[in-house]
Amino acid sequence: MDNQLNEQKIENQINKNGDALTSFDDFREYLSGKVNLGRKLGMDEEQLANSAQKVAAYLAEKEPPKNSEERLLQELWKVGTEEEQHKLAHMLVRLVQQS
């Protein structure tokens, strides 16, 4: 039930933003906003990475990539082990924190 609820929340958020994620810069800006919001709510990097991992897993399974960068991320996600996916989630969090 919790997994379904999490997936529904993710899907609602993705659908709400629609075509806002058509370029990689838009994707980065969107992710940066979500990371900043998480920071304001007191989330540490591990919690942010766990959240990013859940969203990335959903995107890789359910959403077609909208640009070549998202395609690369999706393919890396699909071939990675769970540990590698978690590390990639950490890297994405750090990427947007540096921009």
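Remember, it's a predicted structure, so these values are computed and weren't measured experimentally. Each residue takes its place number in the sequence, starting with 1.
Residue Gln74 comes nearest to Leu59 through the heavy atom pair NE2-O, 3.9 Å, listed as atom of the first residue, atom of the second, then distance. In this structure, Trp77 and Ala57 approach most closely via the heavy-atom pair NE1-CA, 3.5 Å. Closest approach of Ala49 to Ala89, counting heavy atoms only: O-CB, 3.4 Å.
In this structure, Glu29 places its CD atom where only 12 or fewer heavy-atom neighbours from other residues, nucleotides or ligands lie under 6.0 Å away.
Looking at Leu73 and Leu92, their side chains come closer than 4.5 Å, going by heavy atoms from C-beta outward. Looking at Val93 and His90, their side chains never come closer than 4.5 Å, going by heavy atoms from C-beta outward. By the 4.5 Å heavy-atom criterion applied to side chains, Leu48 and Arg39 are counted as neighbours. Here the side chains of Lys34 and Val55 are not in contact, with every heavy-atom distance at 4.5 Å or above.
Listed by chain and residue number, Arg94 satisfy the salt bridge (Lys or Arg N to Asp or Glu O under 4.0 Å) test with Glu45 (two or more places apart in sequence, or in another chain). For Asn50, the side chain to side chain contact (heavy atoms under 4.5 Å, CB included) partners are Glu46, Gln53, His86, not counting sequence neighbours. Gln47 is linked by a side chain to side chain contact (heavy atoms under 4.5 Å, CB included) to Met43, Asp44, counting only residues two or more places apart in sequence or in another chain. Taking the side chain to side chain contact (heavy atoms under 4.5 Å, CB included) definition, one finds that Leu76 meets it with Leu72, Leu88, sequence neighbours left out. Gln85 pairs by the side chain to side chain donor-acceptor pair (under 3.5 Å) definition with nothing, not counting sequence neighbours. With sequence neighbours excluded, no residue satisfies salt bridge (Lys or Arg N to Asp or Glu O under 4.0 Å) with Glu82.
Separating the CG atom in Leu31 from the CG atom in Asp26 is a distance of 12.5 Å, to the nearest 0.5 Å.
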